[in-house]
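Notes follow the structure.
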Amino acid sequence: MSGAVTWLRRNLFRSPVDAVVTVIAAVVAGWVLWRTLNFVFVTGRWEIIRVNLRLMLIGRFPEAHELRIAVTVVSLSAWGGLLAGIVRARQVKAGRVDAGDTKFGVRRVADLAERFWIPLLLVVLLLALAGTVGPVIVAVLSVVAAVIGRLIGPVIGRLELPAIGRTVLVTVLLAIPVILYFYVVTAVGFDDWGGFMLNLFLAACSIILCYPIGVLLALGRRSTLPLVRVVCTVFIEIIRGAPLFVLLLFANVALGFFVPESLVPSTSTRAIVVFTLFTAAYMAEIIRGGLQSVPSGQFEAAKALGLSPVRQTFLIVLPQAIRNVIPAQIGQLISLFKDTALAGVAMGSFELLRVSQAITQQDDFAGQGLIGETLAFGAVMFWAISYTMSRESQRFETRLGVGVR
Amino acid sequence: MTTAGARVPLWRDVRVLQWIIQLVVVAAAVLALFWLYGNYTENSERLNIPTSLDFLDNPTSFEITGNDLSQNAPVRDAYYEGFLNTLRVSVAGIVAATVLGTIIGIGRLSQNWLVRKMATVYVEAVRNVPLVLFLIAGFLAIVLGVFPQIADAWEPLGLAVISNRGIAIPWYDGAGYGLLVIGLIAAVVAWAVSRWRQVLFARTGTTPRTGLWAGGAFLAVVLIGWFGLGYAWSIPEIDGRLTTGGIRIDPSFFALFFALVIYTASHIAEIVRGSIQAVPKGQGEAASALALSGFQRMWYVVLPQAFRIAIPPIGNQYLNLIKNSSLGAGIGYYDLTLVTQTTVGNGSPAVPAFAITLAVYVTISLVTSVFVNIANRRFKLVER
Amino acid sequence: MSDAMTDGTTDGGGAPDATVFADATQVAGTGDVMIEVESVDKFFDDFQALKDIDVKVGRQEVVVVIGPSGSGKSTLIRCINRLEEHDAGRIVVDGVELSNDVRNIQEIRRETGMVFQQFNLFPHLSVLDNITLAPRNVRKMPKAEAEKLGMELLERVRIPEQAKKYPGQLSGGQQQRVAIARSLAMKPKVMLFDEPTSALDPEMINEVLDTMKDLAREGMTMIVVTHEMGFAREVADRVVFMADGQIVEVGTPEHFFTNPQEDRTKLFLSQILD
């Protein structure tokens with residue numbers, strides 16, 4: 001009992017001023033908490049979410065082809081598990097991590113649950129809202145697939161493959177998401193995708209496409225050749241000086257002017273173009289920071305060994321530079337993911353935020369003031385993923401030992 | 001065998017190769033621009049859309065809420081108004097976000113458990129949600145959903161009128177820049193007083209209490225000026241479906257301001273916390289060892305160093321806030337972006353119209369970063 | 001290649017018994033000239049780091065360059081493999097002139113190993129990968145062969161057991177020995193050492209110096225910038241003293257440490273030897 005009193009003394013009532021602060025804070029916190037709980041459990045009318053769950057998650061994707069999404073989700077889970085397993089095994093093999101770090105059994109499950117409880121909870125919530133058996137099966141299969149992949153991965157990772165074998169393996173691993181993409185896109189072209197799936201897709205495409213451009217821009221801006229530096233700097237600064245929202249609006253009304261008539265891109269393509277160029281400029285600045293953090297001695301040693309400039313860059317400097325700024329890159333990725341919500345406002349893409357607004361106008365729900373409910377749902381979706389990503393990034397950062405004093 | 005002084009073949013000469021690479025890059029950039037520009041002129045000609053800036057002289061044919069610009073005023077005037085609106089919400093947002101962000105950032109390091117937890121929850125909840133969601137929520141859910149009709153407007157203490165048509169708050173009565181002049185005089189007086197306290201502190205060692213003295217002097221001058229020049233408060237009142245008196249804040253301005261402040265404050269809070277934590281622990285320990293008090297330790301040793309660390313990232317957040325203010329267009333706030341969108345909707349050519357807007361934003365960004373760089377250089381620690 | 005080299009130099013056969021050298025172009029060792037530095041100037045903006053430097057280094061010769069900091073000794077050896085570009089004069093390494101010709105620059109870098117004060121090992125690569133990187137990518141050596149060579153070199157610097165580790169896991173002395181092995185993997189004809197022991201804790205200096213002594217004994221051509229006077233005395237064929245971007249005095253170690261001629265040299269030696 002006295003332990004609790006000491007704790008209260010030390011943490012809440014150090015001095016009279018502190019006590020007043022505590023009381024005010026408690027009132028504010030209590031009020032916010034009460035309002036939130038009240039909204040979630042009492043006044044909130046969540047029927048609109050339940051009815052429109054499909055629309056919010058996958059837009060108007062035809063029901064006939066839904067199986068394709070299910071197959072893709074399960075396959076991607078297996079792929080992710082496989083990749084994680086292979087990477088882990090290779091790290092152990094290279095002596096980068098201690099094999100003894102791997103936890104097994106219950107501890108492993110507890111560890112994963114601690115890391116991913118938010119998205120897991122979200123999935124459970126979504127399954128409960130869906131109320132049908134299909135999604136549950138997909139979810140269970142995904143987990144099973146991921147676990148199997150994670151178990152097979154190390155076996156593959158430990159194999160001593162000849163050069164050709166390794167090339168084949170990498171090609172197959174890279175090809176899987178591409179194949180899945182075409183598998184889904186042949187059913188419904190991505191211009192007609194919608195809902196949260198569209199947000200994820202826009203973010204994924206842009207991050208993949210922005211990377212090579214960002215790296216080249218960063219290298220260009222650090223180049224010793226003045227003209228190359230000027231070209232890259234001008235591009236980066238113009239993009240970074242302009243608001244993303246205005247760039248999206250601009251692309252929406254004016255991108256068609258800059259390409260031949262036959263090539264006028266669709267809304268989703270325009271969004272991807274803008275997100276890619278925008279993120280590339282920011283990524284370039286992050287990678288430039290990474291390049292600056294690599295000591296000049298690394299360049300000199302590479303030169304002294306007779307490596308060509310291209311090899312100096314891609315074998316020595318770039319790997320270190322990119323590793324040094326992984327947390328900032330994940331931050332940019334999170335930022336990009338959140339920004340995909342702008343595509344709805346600026347271009348009318350049918351992404352989650354736009355769906356959230358649109359469904360309040362449906363005949364069944366119009367005029368009932370349900371915008372709070374739908375926006376809250378959207379916010380939770382974005383929040384759960386962004387928050388988990390940033391926590392994973394922090395965890396990674398601690399393991400790298402960067403940023404720890 | 002290379003003999004001395006032999007001429008180097010061109011294709012192996014480092015300098016030549018460097019020039020070739022540069023020329024290739026520049027040529028690629030020029031070609032790309034050329035292609036884009038060619039397509040642009042061709043498409044414009046085909047669609048019979050002008051490519052010049054003449055549209056700036058055409059009448060706007062739309063009205064800007066809260067502004068008496070007529071529909072016949074030229075587009076350039078509307079642009080100017082939009083630019084001012086962008087600046088208004090940005091400046092207000094920067095000031096408020098800095099205050100809120102600093103409080104929350106310090107709260108994250110508070111010794112009070114409850115305050116610490118609340119600040120953490122705020123930061124983690126807000127910065128992982130898209131800003132545009134706060135904006136839409138602020139506008140659709142709070143202003144249009146929660147705020148009452150003008151007939152049942154909230155009137156807290158009878159001082160303000162809050163309704164879904166905007167928020168009216170007390171403001172001073174009287175025209176001109178009189179109050180601004182008084183404020184400037186007060187600031188100068190306050191500065192002089194603070195200097196005097198510092199000199200006194202240096203000479204005699206009395207506790208300076210600079211903040212108290214300067215604040216008091218400022219307040220005194222303002223009050224004297226206020227009554228001396230006969231200013232009076234104007235309290236807003238409901239007048240039918242409108243309000244009179246005070247100053248009325250447009251709902252869209254309120255929602256945009258609200259969203260920008262809430263969102264940016266979460267980022268500034270993290271910067272403030274990080275900067276304070278980034279000051280080496282030994283600094284605080286050294287200050288304690290010199291028997292400085294808790295406040296003195298923060299004020300003279302830790303905060304000045306944290307401030308230096310915080311300048312570049314905070315400057316970045318200011319830039320982000322200015323750029324994010326363009327989102328106001330999504331809820332009908334007539335900033336630069338919405339003016340552009342509207343004028344394009346009314347038939348102005350899209351590419352020149354947006355080119356102007358982008359140029360203005362890029363210029364604002366560059367000017368801001370110049371200021372941030374100056375501040376950064378000015379405050380940088382001198383190192384050998 | 002060496003046939004054209006013997007002429008145009010000084011009176012070859014460079015006498016190891018000579019105690020005083022007129023200038024730094026008189027070589028010791030076998031008499032072939034390996035490195036020729038002629039009237040080289042180097043500017044950093046307005047500051048002249050090298051003033052009209054003339055040095056020759058014979059095949060299998062060990063030249064130790066000493067001098068106060070800022071005297072230009074590091075700049076001199078960094079010019080020899082084009083880490084810095086000289087502004088005037090000629091530099092010829094094993095018959096290849098250092099010019100703007102990319103092929104010549106690459107050739108000289110392939111034939112020249114360099115060891116840095118800060119080791120500059122690649123932290124993202126294991127010790128063995130650090131060593132095999134250049135042979136595989138520049139000399140196009142098959143992986144298995146490169147790794148065999150790498151292990152041999154690690155044996156030679158006496159740390160084969162560290163092959164799988166990463167540079168960050170090694171002590172400074174071990175890192176510097178790996179750096180030496182990494183340079184040797186390219187089978188260089190010349191080794192340049194830029195203050196190889198200055199960043200080391202005292203107890204690790206000897207392990208690195210011993211490795212360097214082994215190398216010298218095996219007949220490697222070496223230019224060593226160092227403050228280790230013991231090493232200079234024991235291993236050097238010639239000692240070059242530099243100050244303010246100029247070569248002040250050149251001599252055998254014996255002459256140099258017992259009977260220096262120039263006041264500048266005497267002052268420096270008295271400071272460094274207490």
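In what follows, every heavy atom counts, from backbone to side chain, and hydrogens, waters and symmetry copies are set aside. A, B, ... follow the sequence lines: proteins, then strands. Residue 1 opens every chain.
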Of the listed residues (C:Lys143, C:Gln117, C:Gln169, C:Arg78), which shares the most heavy-atom pairs with chain A below a 4.5 Å separation?
-> C:Arg78
In terms of heavy-atom pairs under 4.5 Å, which option from C:Leu83, C:Val102, C:Ile108 contacts chain A the most?
-> C:Leu83
At a heavy-atom separation under 4.5 Å, does [X] approach chain A through its side chain, its backbone, both, or neither?
X        : value
C:Arg182 : both
C:Phe122 : both
C:Leu121 : backbone
C:Asn137 : both

Taking the side chain as C-beta and beyond, is there a heavy-atom pair between A:Pro295 and C:Gln118 under 4.5 Å?
-> no
Can you tell if the side chain of A:Ile316 reaches within under 4.5 Å of the side chain of C:Leu133, non-hydrogen atoms only?
-> yes
Under 4.5 Å, heavy atom to heavy atom, which residues of residues 297-310 of chain A contact chain C?
-> A:Gly297, A:Gln298, A:Glu300, A:Ala301, A:Ala302, A:Lys303, A:Ala304, A:Leu305, A:Gly306, A:Leu307, A:Ser308
Under 6.0 Å from the CZ atom of C:Arg103, do we count more than 12 heavy atoms belonging to anything else shown?
-> no
Taking everything shown except A:Leu174 itself, do over 12 heavy atoms lie less than 6.0 Å from its CG?
-> yes
Ignoring hydrogens and angles, tell me if any N or O in the side chain of C:His124 forms a donor-acceptor pair with the backbone of A:Arg323 under 3.5 Å.
-> no
